[in-house]
Structures are given as structure tokens and as C-alpha cells.
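What follows is a set of notes on a single structure, which appears directly below.
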Amino acid sequence: MRSVASKSRLFKQTLLRFSTAGSVDDGKSTLIGRLLFDAKSIFEDQMSALVKTTARRGGVGGNVDSELAVDLALLTDGLIAEREQGITIDVAYRYFATPERKFIIADTPGHEQYTRNMVTGASTADLTIVLVDARKGVLPQSRRHSLVASLLGIRHVVVAINKMDLVDWSQERFEALRSEFLDVTGALHLSNLHFIPVSALKGDMVVDRGANLDWYQGPTLLDLLETVDVAAPATETFRFPVQLVSRPGVAGAYTRGYMGRIEAGRIAVGDRVVVQPAGITTTVREIVTYDGSIDEADAPQSVTLVLADDIDISRGDLITHADTPARVARSFSAMLCWMDADALDPTRKYLIKHTTRTTKAVIEGVDYKLDIGNLQPDHSVQRLAMNDIGAVRFKVREPLMVDAYRDEHGFNRSTGGFIVIDETSNHTVGAGMILPEDTHG
């Protein structure tokens with residue numbers, strides 16, 4: 001049995017955000033249920049309710065552990081429609097902790113029509129678990145979710161070959177599926193790939209090693225989750241979108257400060273900075289936090305910056321180091337995942353929300369759509385339908401201060417990502433990742 005950490009040790013734990021992905025019935029919800037159960041992260045009243053619900057439903061979906069008499073998938077499939085159909089529809093978030101680390105799990109749907117939910121759940125993840133049914137092999141949704149993981153720049157991808165109990169725990173089958181996955185996703189350049197054989201139903205290699213996969217010498221899933229490196233790569237590129245202008249009044253230590261969260265890099269008192277899009281340079285006079293002034297701060301701290309000069313700065317402006325400014329753009333290209341039932345319409349106007357700035361935008365053109373079957377661009381399309389992913393050219397009314405989502409330093413999730421909003425309904429209809437300036441369709 002795993003020991004319970006003290007409060008002081010839990011406080012010092014690192015946090016890992018991870019998501020699950022895969023095709024329908026690959027066992028994502030059961031895997032998370034098993035992970036929570038074997039890690040002793042289910043309350044007694046939850047367990048009692050699961051046993052009763054499982055008995056009432058007669059083991060819907062074939063996920064019942066005969067020893068536990070409980071359908072572990074019910075831990076994350078909370079919607080009535082999910083339990084009726086035995087599938088995941090919405091993104092379900094779960095929280096748990098071990099003595100080594102704290103976790104936030106996003107259990108995302110497998111159906112193609114809910115790809116947008118997978119994008120939502122994976123957008124803040126440090127790691128994603130792509131499940132592959134050991135009987136079925138790598139399916140189109142496996143390709144789609146691997147593509148999304150690659151586009152989002154998820155730093156670790158764990159390929160869990162699930163249902164090994166249904167292929168007689170075969171090492172040959174595991175190795176064959178590992179080779180198949182590498183073949184079909186080779187062009188995606190997924191970083192830090194890990195392959196683990198598991199049985200979510202029986203529990204082998206999830207938390208405990210079990211007795212059936214002794215040929216596998218690597219870590220269990222939980223061992224990997226507890227030890228994988230989640231520290232953000234070091235970067236000198238400072239990015240500070242202004243959220244609010246603070247004016248504490250005559251009684252305050254300063255007359256005007258600029259509040260926000262440091263999205264990347266580090267800042268120190270005395271650093272030369274530039275305010276964009278105005279392009280005015282100044283220096284940092286003071287860095288203020290809730291606990292008082294500090295000499296330096298780095299991502300992802302929330303601070304108030306006090307500058308040496310009185311400059312007209314408002315919400316949506318960006319403060320950067322003077323020698324590494326962002327690109328001020330009125331037009332740009334981006335990889336876009338379209339999330340709305342109504343197709344992307346180049347004749348319509350949309351809103352783009354980028355960091356703390358929102359502006360009107362028009363579509364200048366669709367360069368291509370990615371074919372999920374072969375992961376190659378299809379240049380014949382002019383629109384994107386729901387769950388399509390493709391390269392789109394935008395033109396915006398107000399300038400945006402952007403970075404490429406992926407550059408030589410790594411990934412810029414804040415200044416490289418944005419959402420598209422329908423101006424009429426105010427619904428989020430797309431999620432975009434800005435391409436380098438010299439990218440052409």
C-alpha cells in the first residue's frame with residue numbers, strides 16, 4: 001500500500017497536468033478509474049456509490065472488475081448520456097495526489113465529433129496518454145490525437161497499449177503495435193515518446209506491476225507520471241500581457257502600475273523593456289507582489305510592474321525586454337482547429353482573443369486542411385468543417401503582438417496561441433497556433 005504524504009511534503013510537490021486520448025472503447029475512463037482506485041484516491045462514499053451504480057446497470061460497457069464489483073469508468077463518465085452510451089462526451093477533470101506529485105487529469109472524448117473537447121483538455125497539458133487497443137491497433141483517432149498533441153507542443157506523449165489481457169499479454173503484439181505507431185506518426189516529430197503495456201481492467205502496469213507482464217522492464221504508468229520532468233524549458237524571452245492598470249492613489253507607493261501574469265521569461269528591477277505596440281522603451285522601477293516588492297520575478301508569477309516613465313499603457317498591451325520584442329502583426333497564418341458545427345466561412349467576420357487583447361478579424365484564405373489518414377496537406381479545400389485542422393490566413397483590425405507557437409526556443413503557448421469567437425453568438429469556434437512569419441501555404 002502506498003504511503004500518505006504529510007501536508008508539508010504535499011505543499012512542496014510539483015504539479016503535472018495530463019490528458020487522455022484515443023479512440024472509442026480504448027479504455028480511457030477505465031484507465032483513469034484504475035489509476036485513482038489503485039492510488040488510493042477514491043473516497044469511501046464515492047466507492048459505495050460506484051458499486052451501487054454498477055450493480056444497477058449490470059456492468060455496462062464490460063468494464064467491471066469482478067473482484068471489485070465496480071465499473072471504474074463511472075468515476076469520470078459523469079454525464080447521464082455518457083453512462084447510457086458507455087462513452088466519454090465532455091472533458092472530465094479529476095484531481096489526485098501521491099507522495100511524489102499532484103495531478104490534474106483531463107479525460108477527453110474519443111469520438112471524432114468531440115475532437116474539439118480533446119483540444120480543450122490537452123491545451124494546458126504537460127503530458128498526454130494516447131491509448132491504443134491491443135486488439136485493434138492504431139486507428140484514425142489515434143492519428144488525430146497524436147497530431148493534436150504535436151501541434152499543441154505537449155512535451156511528453158505516453159502510448160499506453162491497453163487491453164493486453166485480451167491478447168494473452170503478448171510481448172510480440174506490443175512490439176508490433178509500437179512499430180506501427182512509430183510508422184504512422186513518424187512525420188509528427190512527437191517529443192519524449194514512452195510506450196507502456198497495460199491492462200486498465202486488471203490493473204497491470206497502471207499503479208502496480210501485476211503478475212502478467214514480467215517481460216516489460218520499464219516503469220509503470222504511475223511511476224512515469226511521478227518522475228517525468230515537467231519543468232518548463234529555460235527561456236530569456238520575457239512576455240508580460242497587461243491585464244489591468246493599477247492606480248493605488250496618493251497613499252500608495254506608486255501612482256500607476258501594470259498588473260498581469262508573466263507568461264514567459266524573467267524580469268528584474270532595472271531591466272530595459274519595450275511597451276508594444278507603441279514601441280516605447282523604458283526601465284522597470286519596481287516589481288510589486290501581494291507580499292511586497294521583489295527584485296526579480298519569472299513565469300508564471302502574477303505581479304505588478306512599475307515603470308520608470310509615465311506611459312499610456314492599457315489592457316491588451318504587451319511588455320517585453322527591449323532587445324527581444326514580439327512581432328507586431330496585422331496579418332498572420334496559423335494552424336486552426338475548427339470547433340463549430342457551422343463551417344469556417346471566409347465571408348464572415350470573427351473575433352480573435354489573443355493574450356489579453358480581443359480584436360475583429362477576417363479570413364484571408366484557407367491554405368490547406370490536414371488529411372488525418374496520411375497526415376498530409378490537402379490544398380483543394382476552401383473551408384474547414386467541425387474538427388478539421390488546417391492552415392488559415394487571418395487579417396486583424398488591431399495589431400497583435402505575436403510569437404510563433406513553435407520556434408527554435410520551444411513552444412510559446414500564450415503569445416503563440418489564440419481562440420476564434422463567433423461575433424454573433426459569442427461562442428468559441430476555433431483554436432489557433434500561430435505559424436512562423438515566413439510560412440507559406
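Sequence positions, counted from 1, serve as the residue numbers for this chain. All of these numbers come straight from a predicted model, not from anything done at the bench. Just so you know, these numbers use all the heavy atoms, side chains as well, and skip hydrogens, waters and symmetry mates.
Taking 4.5 Å as the limit, some side-chain heavy atom of Arg406 sits within range of a side-chain heavy atom of Ser150. Contact check for Leu147 versus Leu370: side-chain heavy atoms found under the 4.5 Å cut-off. A heavy-atom distance below 4.5 Å is found between the side chains of Val148 and Ile389. A heavy-atom distance below 4.5 Å is not found between the side chains of Asp422 and Asn426. In this structure, Asp317 and Arg357 have side chains that are in contact, with non-hydrogen atoms separated by less than 4.5 Å. Contact check for Lys40 versus Asp38: no side-chain heavy atoms found under the 4.5 Å cut-off. Between Arg393 and Ile363 there is no side-chain heavy-atom pair separated by less than 4.5 Å. For the pair Arg178/Phe181, no side-chain contact is recorded, criterion being any heavy-atom separation below 4.5 Å from C-beta on.
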Please step through side-chain contact (heavy atoms from CB on, under 4.5 Å) for the pair Phe18 and Ile105, ending with a clear verdict. CA-CA 5 Å; Phe18 70 93; Ile105 315 169; 3.4 Å; yes
Check step by step if ring-ring contact (aromatic ring centres under 6.0 Å, His included) holds for Trp169 and Phe174. CA-CA 8 Å; Trp169 313 100; Phe174 171 77; over 10 Å; no
Determine, stepwise, if the pair Asp298 / Gln301 fulfils side-chain contact (heavy atoms from CB on, under 4.5 Å). CA-CA 6 Å; Asp298 53 16; Gln301 283 182 272; 3.3 Å; yes
Run the numbers on Leu127 and Val228 for side-chain contact (heavy atoms from CB on, under 4.5 Å), then give the verdict. CA-CA 9 Å; Leu127 177 150; Val228 72; 4.0 Å; yes
Report the C-alpha distance between His156 and Asp126 in whole Å, list the side-chain angles of each, state the deciding distance to 0.1 Å, and finish with yes or no for side chain to side chain donor-acceptor pair (under 3.5 Å). CA-CA 7 Å; His156 298 274; Asp126 305 299; over 6 Å; no
Please lay out, stage by stage, how Thr14 and Arg101 fare under the test side chain to side chain donor-acceptor pair (under 3.5 Å). CA-CA 5 Å; Thr14 56; Arg101 178 170 278 173; 2.9 Å; yes
Mind running side chain to side chain donor-acceptor pair (under 3.5 Å) on Thr355 and Glu263 for me, showing each step along the way? CA-CA 9 Å; Thr355 64; Glu263 297 293 347; over 6 Å; no
Working note: Gln276 + Thr320, criterion side-chain contact (heavy atoms from CB on, under 4.5 Å); need CA distance, chi angles, decisive distance, verdict. CA-CA 8 Å; Gln276 296 184 279; Thr320 74; 3.4 Å; yes
Please walk me through it: do Asp403 and Thr415 pass side chain to side chain donor-acceptor pair (under 3.5 Å)? CA-CA 5 Å; Asp403 294 298; Thr415 51; 2.7 Å; yes
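Smallest separation of non-hydrogen atoms from Val132 and Gly137: CG1-O, 3.4 Å. Shown here for Pro346 and Leu344, the closest heavy-atom pair between the two residues is CD-O, 3.5 Å. Taking every heavy atom of both residues into account, Ala211 and Asp204 meet most closely at N-OD2, 3.3 Å. In terms of heavy atoms, Leu152 sits closest to Met433 at CD2-SD, 3.9 Å. Contact record, Val138 with Glu180: N-OE2, 3.4 Å, taken as the closest heavy-atom pair. Among all heavy-atom pairs drawn from Val206 and Ala200, the shortest one is CG2-CA, 4.3 Å.
Of the candidates Lys28, Lys163, Arg173, Lys163 is the only one forming a salt bridge (Lys or Arg N to Asp or Glu O under 4.0 Å) with Asp133.
Within a 6.0 Å radius of NZ in Lys395, other residues, nucleotides and ligands contribute 12 heavy atoms or fewer. Summarising the local packing, NZ of Lys353 is surrounded by more than 12 heavy atoms from other residues, nucleotides or ligands at distances under 6.0 Å. Under a cut-off of 6.0 angstrom, the local environment of CG in Asp183 is crowded, with over 12 non-hydrogen atoms contributed by other residues, nucleotides or ligands. Annotation for Glu398: atom CD counts as buried by contact number, over 12 foreign heavy atoms lying within 6.0 Å.
The backbone N or O of Thr289 lies less than 3.5 Å from no partner atom in the side chain of Ser293, so there is not a single donor-acceptor pair. At least one donor-acceptor pair under 3.5 Å links the side chain of His379 to the backbone N or O of Asp367. At least one donor-acceptor pair closer than 3.5 Å links the side chain of Asn192 to the backbone N or O of Arg155. The closest donor-acceptor contact from the side chain of Tyr368 to the backbone of Gly390 lies at 3.5 Å or more, if one exists at all.
If you take CD1 on Ile262 and OG on Ser414, they are separated by 12.0 Å, rounding to the nearest 0.5 Å. For the atom pair OG1 (Thr185) and CG (Leu193), the distance works out to 6.0 Å, reported to the nearest 0.5 Å. To the nearest 0.5 Å, atom NE2 of residue His145 and atom OG1 of residue Thr20 are 9.0 Å apart. Remark: Asp208 CG to Leu221 CG distance equals 12.0 Å, nearest 0.5 Å. With rounding to the nearest 0.5 angstrom, the OG atom of Ser199 is 13.0 Å from the CD1 atom of Ile161. Taking CG from Leu384 and CE from Met339, the interatomic distance works out to 12.0 Å, rounded to the nearest 0.5 Å.
Ring geometry for Phe103 versus Phe96: interplanar angle under 30°, hence parallel rather than tilted (30 to 60°).
Using a cut-off of 4.0 Å between Lys/Arg side-chain N and Asp/Glu carboxylate O, Asp165 and Lys202 are scored as not salt-bridged. Under a 4.0 Å N-O distance rule, the pair Asp345/Arg383 qualifies as a salt bridge. With salt bridges taken as basic N to acidic carboxylate O contacts below 4.0 Å, none links Arg209 and Asp214.
A donor-acceptor contact under 3.5 angstrom links the side chains of Asn412 and Asp407, judged on distance only. Side-chain contact annotation: Ser170 with Asp168, donor-acceptor N/O pair under 3.5 Å absent. Between the side chains of Ser331 and Glu364, no donor-acceptor pair of N or O atoms lies under 3.5 Å. A donor-acceptor pair shorter than 3.5 Å can be found between the side chains of Thr128 and Ser19. Judged by distance alone, the side chains of Asp340 and His427 never bring a donor and an acceptor atom under 3.5 Å apart.
Phe394 has its ring centre no less than 6.0 Å from the ring centre of Tyr350. Taking the six-membered ring where the residue is Trp, the centroids of Phe195 and Tyr216 are separated by 6.0 Å or more.
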